[in-house]
Amino acid sequence: MAYGVLGVGAIGAAIVTGLCETVADPPRVLLSPRNAEIAAGLAQRFATVDVAPDNQAVVDGARVVIVCVRPQVAQPVLGELRFPADGVVISAMAGVSVTALKRLVAPATDVARVIPLPSVARRAGLTPVHPPNAAASALFDRLGETVELADAKAFEALSASTATIAAHFAYLNAIAAWLESQEIPAPAARRYVAAMFAGLAEATRSGDRFEQLAREHATSGGINEQFLNGLERGGVFEYVSLGLQRVLDRLNTT
Ligand SMILES: NC(=O)c1ccc[n+]([C@@H]2O[C@H](COP(=O)([O-])OP(=O)(O)OC[C@H]3O[C@@H](n4cnc5c(N)ncnc54)[C@H](OP(=O)(O)O)[C@@H]3O)[C@@H](O)[C@H]2O)c1
C-alpha cells in the first residue's frame with residue numbers, strides 16, 4: 001500500500017515518522033514538495049519515502065492520500081487537483097467538514113477525517129476517525145489506536161478539545177517560570193516540572209474519573225486544595241468550558 005501526503009509540516013512529518021521509523025516493513029510514502037526542507041529530510045531518513053514533483057503526482061501515485069495542509073488553503077490546494085473516483089482521501093484538517101471535503105475531492109467519495117496528534121510519531125496516538133473508514137483505521141492503527149465515530153458532532157467536539165494543548169504547555173511554563181523567580185536555574189525548574197507532570201500522566205491511565213483524581217490530590221486544608229480553590233475562584237475552569245464552546249462554534253462555521 002502506498003500513501004500520499006499533501007502538506008508536509010508538523011503533523012505530516014509526525015505521521016511519516018510513525019509509519020517508517022524503526023519499522024521492519026514500512027509502507028511506500030509519496031510526499032508533496034512542500035515543505036521542501038521537511039520533505040527532503042524525511043526522504044533522506046527513510047528509504048521508502050520519496051518526494052513527488054508536484055501535488056498532482058502525489059494523487060496519481062498513491063491510492064490513499066492524507067491531507068495535512070492548513071484548512072485555510074484547502075480550497076486552492078485540493079480544488080486544482082484531479083482525484084480518481086476510486087481514491088481514498090483522509091483529511092487531518094481541522095474544521096473542514098466531510099461534505100466540504102467530498103466537494104473538493106470529487107469524484108472520489110471514500111473520504112474520512114482524522115485528528116492525529118504529534119504522538120503518532122511514536123505510534124502512541126489515539127486517533128478519532130469520522131466517518132468509520134477502513135483505510136483510515138488501517139493507517140492510524142499502525143500509529144497507535146483509533147476510535148471510529150459515526151457522529152459528526154462527537155468528532156468535532158473531540159477536535160475542539162485538542163485546542164487545549166498549547167495552554168497545557170503554557171501552564172507548565174508558568175510553573176517553571178515561577179520556580180526560576182525563586183532562583184532555581186531554568187533547566188532544573190523545567191526538569192522538575194516535566195517529571196512531576198509525566199508522573200501524573202500515568203495516573204490518568206487508571207481510568208479513574210479526573211474529578212476523583214483531583215479530590216484525591218487535594219488534601220483537606222492542604223496546599224493543593226488552596227491552589228485549586230484559587231483557580232476556581234479565578235474562573236479558570238469556567239473559562240475552559242466557555243473557551244472550548246467558542247472553539248467548537250468556530251470549527252462549525254469554517
Ligand atoms: N499539528 C498538529 O498537532 C495537528 C493536529 C491535528 C490536526 N492538524 C491539522 O493538520 C494540518 C496541518 O497542520 P500542521 O500543524 O502540520 O501545519 P504546518 O506545520 O503549517 O504544515 C502545513 C504544511 O502544508 C504545506 N503547504 C502549504 N501550501 C501547500 C501546497 N499548496 N501544497 C502542498 N503543501 C502545502 C506547508 O508548506 P510550507 O512550509 O512550504 O508553507 C506546510 O509544510 C492542519 O489542517 C491542522 O488543522 C494538526
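Being a predicted model, the structure only gives us computed values, none of them experimental. Heavy-atom basis, side chains included; hydrogens, waters and symmetry copies ignored. Numbering starts at 1 and runs along the sequence shown. Order of listing sets the numbers, starting from 1, for every ligand and every atom in it.
In the vicinity of Pro118, heavy-atom distances shorter than 4.0 Å reach the ligand 1 atoms 3 (O). Close approach of ligand 1 to Val8 (heavy-atom distance below 4.0 Å) involves ligand atoms 43 (O). Here is the list of ligand 1 atoms found below 4.0 Å of a heavy atom in Cys68: 11 (C), 12 (C), 22 (C).
Nearest to atom 18 (P) of ligand 1 by heavy-atom distance, out of Met93, Glu37, Arg70, is Arg70. Considering each of Val114, Val120, Ile11, the one bringing a non-hydrogen atom nearest atom 14 (P) of ligand 1 is Ile11. For atom 6 (C) of ligand 1, the choice among Gly125, Pro116, Ala92, Ala74 with the nearest heavy atom turns out to be Pro116. Considering Arg34, Arg113, Glu80, Gln72 only, the shortest heavy-atom separation from atom 38 (P) of ligand 1 involves Arg34. Among Ile115, Asn55, Asp54, Val73, the residue whose heavy atom lies closest to atom 32 (N) of ligand 1 is Asn55.
Checking only distances, Ala94 does come within under 3.5 Å of ligand 1, N or O to N or O.
With respect to atom 44 (C) of ligand 1, the closest heavy atom belonging to the protein is Val69 O, 3.4 Å. With respect to atom 25 (C) of ligand 1, the closest heavy atom belonging to the protein is Gly7 CA, 3.9 Å.
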Inset, instruction - For Glu148 and Ser137, run side chain to side chain donor-acceptor pair (under 3.5 Å): C-alpha distance rounded to whole Å, both residues' side-chain angles, the deciding distance at 0.1 Å, then the answer. - result: CA-CA 8 Å; Glu148 293 193 323; Ser137 287; 2.6 Å; yes
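Remark: Glu156 does not engage Lys153 in a salt bridge, criterion side-chain N to carboxylate O under 4.0 Å. Look at Arg123 and Glu21 and you find no salt bridge, because none of the NZ, NE, NH1 or NH2 atoms lies under 4.0 Å from a carboxylate O.
In the displayed structure, Gln212 atom CD is contacted under 6.0 Å by more than 12 heavy atoms of other residues, nucleotides or ligands. A 6.0 Å sphere centred on CZ of Phe237 holds more than 12 heavy atoms belonging to other residues, nucleotides or ligands.
Ligand 1 lies out of reach of Leu6, whose nearest heavy atom is not under 4.0 Å from it.
In this structure, SG on Cys20 lies 11.5 Å from CZ on Arg28, to the nearest 0.5 angstrom. In this structure, CD1 in Ile90 is found 9.5 Å from SG in Cys68, a value given to the nearest 0.5 Å.
For Val77, every heavy-atom contact with ligand 1 shorter than 4.0 Å involves the side chain, none the backbone.
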